[in-house]
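What you are looking at is a predicted structure, and each value in this text was computed from that prediction instead of being measured.
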Amino acid sequence: MSLTFHWFLPTNGDSRHVVGGGHGTPATASGRDRPPTVAYLSQIARAAEDLGFVGALTPTGAWCEDAWLTTAMVSQNTERLKFLVAFRPGFVSPTLAAQMASTFQRQTGGRLLLNVVTGGESHEQRAYGDFLDKDDRYRRTGEFLQIVRGLWEGKSVDLDGEHLRVEDATLARLPDLVPEVYFGGSSPAAGEVAARYVDTYLTWGEPPAAVAEKIAWIRSLAAKEGRTLRYGIRLHVITRDTSEQAWAEANRLLDGFDPATVKSVQAGLARSESEGQQRMLALHGGGNRDGLEIHPNLWAGIGLVRGGAGTALVGSHEEVAERIKEYADLGIEEFVLSGYPHLEEAYWFGEGVLPRLQAQGLWQHPFGKQATPSAQVPFAGAVTR
């Protein structure tokens, strides 16, 4: 077995501090430290590609740049890295989305992965002209994926659904490689969609016991549909040569949180309709500094200022590798990771953790390279052209 690792393109901006925002809250001022230019994002993408990450997640929402356009441009500066493009089904017709995906696949040599985001915040959805409630959005997502998958199979699709209607929908050119579909959600409606239509179910970084429960839940639903899924987890990482160095970095990030910003972001996230977001908020319990390590090497501090994924693996390279193995033992096969700043942290993980996983037979470089540990500081500074 070889685990799969993806990195993250910070299209909301990057910094040596945490860039907050997401789930209906705006990106924090730190996002202006390193603007998400194509040049800088391409730097991150090329580093991820060289280090052995298979793909890079690109977020969606009002807080960041458009994922489709950004990845289309960045793809021209990379060779093999895939792009896990987050998009919301309610904002584009299923036939057009299937066509866009097909075009992306041809123009990049099959380097598109799709992260379907139903949308957990009604007020943000309404800003885009979408006025369905959350459960209806999930039902629409199911119809959307039913249409898109039919089109990718070369079928002529007719559907008169509860929310979507198409007649004689076809694609003139099918994708050379059908994109894999990634999806996450913690509500019962989300589980039904995952079981029927997606390839990889993603969860945010909860403690292993909670992750095991989620996997068992989705696995049971998928079995009823006669399907078998892959499972992935979304986490931040702070990995260093020693545990003390890693925790010092986590504390440095925490010291940079402005109390007013934390209060504002938490107030905004408390209104979230997303069950996954509410589970993230429950992990840090309001921000008691001494209670943020919620499982060995699992730190909930990021969630104080950032919506969505709010936990980080923090520790020495050996400790982080051990935690990854712990999640892998539960059935997690794919890890979608990030860290601040994303350029430097990709090197810390790629040169610190991946060689250790390779030595244990848990990972191999997807492009046939041999990962080798670096001596001490793997990356001295960023060139943010």
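- For the atom pair CG of Leu283 and CH2 of Trp299, the computed distance is 13.5 Å after rounding to the nearest 0.5 Å.
- The minimum heavy-atom distance linking Arg234 with Leu337 is given by the pair NH1-C, 3.8 Å.
- Of all non-hydrogen atoms in Thr60 and Cys64, the two that sit nearest each other are C-SG, 3.7 Å.
- With a 6.0 Å radius and a threshold of 12 heavy atoms from other residues, nucleotides or ligands, Gln107 has its CD atom at or below the threshold.
- A donor atom on one side chain and an acceptor atom on the other are not found under 3.5 Å apart for Gln358 and His365.
- Side-chain contact between Pro59 and Thr11 is present, with at least one heavy-atom pair separated by less than 4.5 Å.
- A heavy-atom distance below 4.5 Å is found between the side chains of Trp7 and His342.
- A heavy-atom distance below 4.5 Å is found between the side chains of Trp348 and Arg240.
- Taken from NZ in Lys82 to CG in Leu112, the straight-line distance is 9.5 Å, to the nearest 0.5 Å.
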Side chain to side chain contact (heavy atoms under 4.5 Å, CB included) assessment of Ser272 paired with Gln278: CA-CA 7 Å; Ser272 175; Gln278 293 306 317; 3.7 Å; yes
Test side chain to side chain contact (heavy atoms under 4.5 Å, CB included) on Val166 and Asp158; report intermediate values, then the result. CA-CA 5 Å; Val166 296; Asp158 291 282; 5.9 Å; no
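- Side-chain heavy-atom separations under 4.5 angstrom define the hydrophobic clusters, and the remaining members of the one that includes Phe8 are Leu57, Leu84, Leu113, Tyr182, Leu202, Val336.
- Side chain to side chain, Ser93 and Thr95 fail the donor-acceptor criterion of an N or O pair below 3.5 Å.
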After noting the C-alpha distance and the side-chain angles of Asp136 and His163, does the key distance pass the side chain to side chain contact (heavy atoms under 4.5 Å, CB included) rule? CA-CA 8 Å; Asp136 280 330; His163 299 290; 3.4 Å; yes
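- Taking CG of Asp66 as the start and CE of Met73 as the end, the distance is 8.5 Å to the nearest 0.5 Å.
- Distance alone, capped at 3.5 Å, places no donor-acceptor pair between the Glu275 side chain and the Gly185 backbone.
- Not one N or O on the side chain of Glu319 forms a donor-acceptor pair closer than 3.5 Å with the backbone of Val314.
- The pair Arg140-Glu143 does not meet the salt-bridge criterion, since no charged nitrogen lies less than 4.0 angstrom from a carboxylate oxygen.
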Tell me, with the steps shown, if Glu249 and Arg252 meet salt bridge (Lys or Arg N to Asp or Glu O under 4.0 Å). CA-CA 5 Å; Glu249 176 63 10; Arg252 184 193 68 81; 2.8 Å; yes
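- A donor-acceptor pair under 3.5 Å links the side-chain atoms of Glu49 to the main chain of Arg80, judged by distance alone.
- By the rule that hydrophobic residues join a cluster once side-chain heavy atoms approach within less than 4.5 Å of another member, Val19 and Phe257 end up as members of one cluster.
- Remark: of the listed residues Phe87, Tyr197, Phe183, Phe91, Phe87 is the sole one forming a ring pair (Phe, Tyr, Trp, His ring centres under 6.0 Å) with Phe144.
- Listed for the Arg227 side chain is a donor-acceptor partner under 3.5 Å among the backbone atoms of Ala195.
- Using modelled atom types, one finds a donor on one side chain and an acceptor on the other under 3.5 Å when comparing His317 with Asp241.
- At least one donor-acceptor pair under 3.5 Å links the side chain of Gln277 to the backbone N or O of Gly308.
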Working note: Arg16 + Glu344, criterion salt bridge (Lys or Arg N to Asp or Glu O under 4.0 Å); need CA distance, chi angles, decisive distance, verdict. CA-CA 9 Å; Arg16 294 182 183 274; Glu344 290 92 320; 3.1 Å; yes
Would you please test Glu273 and Arg137 for salt bridge (Lys or Arg N to Asp or Glu O under 4.0 Å) and show each step? CA-CA 12 Å; Glu273 301 168 30; Arg137 291 198 295 270; 3.7 Å; yes
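- More than 12 heavy atoms of other residues, nucleotides or ligands shown are found within 6.0 angstrom of CD on Gln360.
- The OG1 atom of Thr25 sits 9.5 Å away from atom CZ of Arg271, with the distance rounded to the nearest 0.5 Å.
- In this structure, the separation between NZ on Lys155 and OG1 on Thr170 is 14.0 Å, given to the nearest 0.5 Å.
- In this structure, the side chain of Asp199 engages the main chain of Val181 through a donor-acceptor pair within 3.5 Å.
- A salt bridge links Asp329 with Lys325: at least one charged nitrogen is closer than 4.0 Å to a carboxylate oxygen.
- Sparse packing is recorded around CZ of Arg165, with 12 or fewer heavy atoms of other residues, nucleotides or ligands lying under 6.0 Å away.
- Ring-plane geometry between Phe5 and Trp363 is classed as perpendicular, the angle between the planes exceeding 60 degrees on a 0 to 90 degree scale with a lower cut at 30.
- The cluster map of Ile, Leu, Val, Met, Phe, Trp and Tyr, joined by side-chain heavy atoms under 4.5 Å apart, puts Leu159 and Trp152 in the same cluster.
- Checked for salt-bridge contact, Glu333 and Arg230 meet the test: a charged N lies under 4.0 Å from a carboxylate O.
- Side-chain N or O atoms of Ser102 include none that pairs as donor or acceptor with a backbone N or O of Ala98 at under 3.5 Å.
- In this structure, Leu269 CG and Leu281 CG are separated by 5.5 Å, a value rounded to the nearest 0.5 Å.
- At a threshold of 4.5 Å between non-hydrogen side-chain atoms, the residues Leu313 and Thr239 do not count as touching.
- The hydrophobic cluster containing Val353 also contains Leu51, counting ILVMFWY residues as joined when their side-chain heavy atoms lie under 4.5 angstrom apart, directly or transitively.
- Thr141 and Thr118 are linked by a side-chain donor-acceptor pair at a separation below 3.5 angstrom, with hydrogens and angles left out of the test.
- Using a distance-only test at 3.5 Å, with no hydrogens or angles considered, a donor-acceptor pair links the side chain of Thr71 to the main chain of Ala67.
- Judged by distance alone, with hydrogens and angles left aside, the side-chain atoms of Thr78 form a donor-acceptor pair with the main-chain N or O of Ser75 at under 3.5 Å.
- Remark: the backbone N or O of Trp247 is paired with a side-chain donor or acceptor of Asn251 at under 3.5 angstrom.
- With hydrogens and angles left out, the side-chain atoms of Gln125 and Arg88 include a donor and acceptor closer than 3.5 Å.
- In the model, Ser186 has a side-chain atom that pairs as donor or acceptor with a side-chain atom of Lys214 under 3.5 Å.
- Across every non-hydrogen atom of Leu151 and Ala169, the tightest pair is CD2-O, 3.2 Å.
- Pairing each heavy atom of Leu81 with each of Ala56, the nearest pair is CD2-CB, 4.0 Å.
- In this structure, Val38 and Ser42 approach most closely via the heavy-atom pair O-OG, 2.6 Å.
- The two atoms that bring Ser30 and Gly20 nearest to each other are OG-N, 4.4 Å, heavy atoms only.
- Counted by atom type alone, Asp14 and Tyr340 present zero donor-acceptor pairs between their side chains at under 3.5 Å.
- His236 is not listed as a side-chain neighbour of Thr311, based on a closest heavy-atom distance of 4.5 Å or more.
- The cluster map of Ile, Leu, Val, Met, Phe, Trp and Tyr, joined by side-chain heavy atoms under 4.5 Å apart, puts Trp68 and Leu9 in the same cluster.
- A donor-acceptor contact closer than 3.5 angstrom is absent between the side chains of Glu121 and Ser274.
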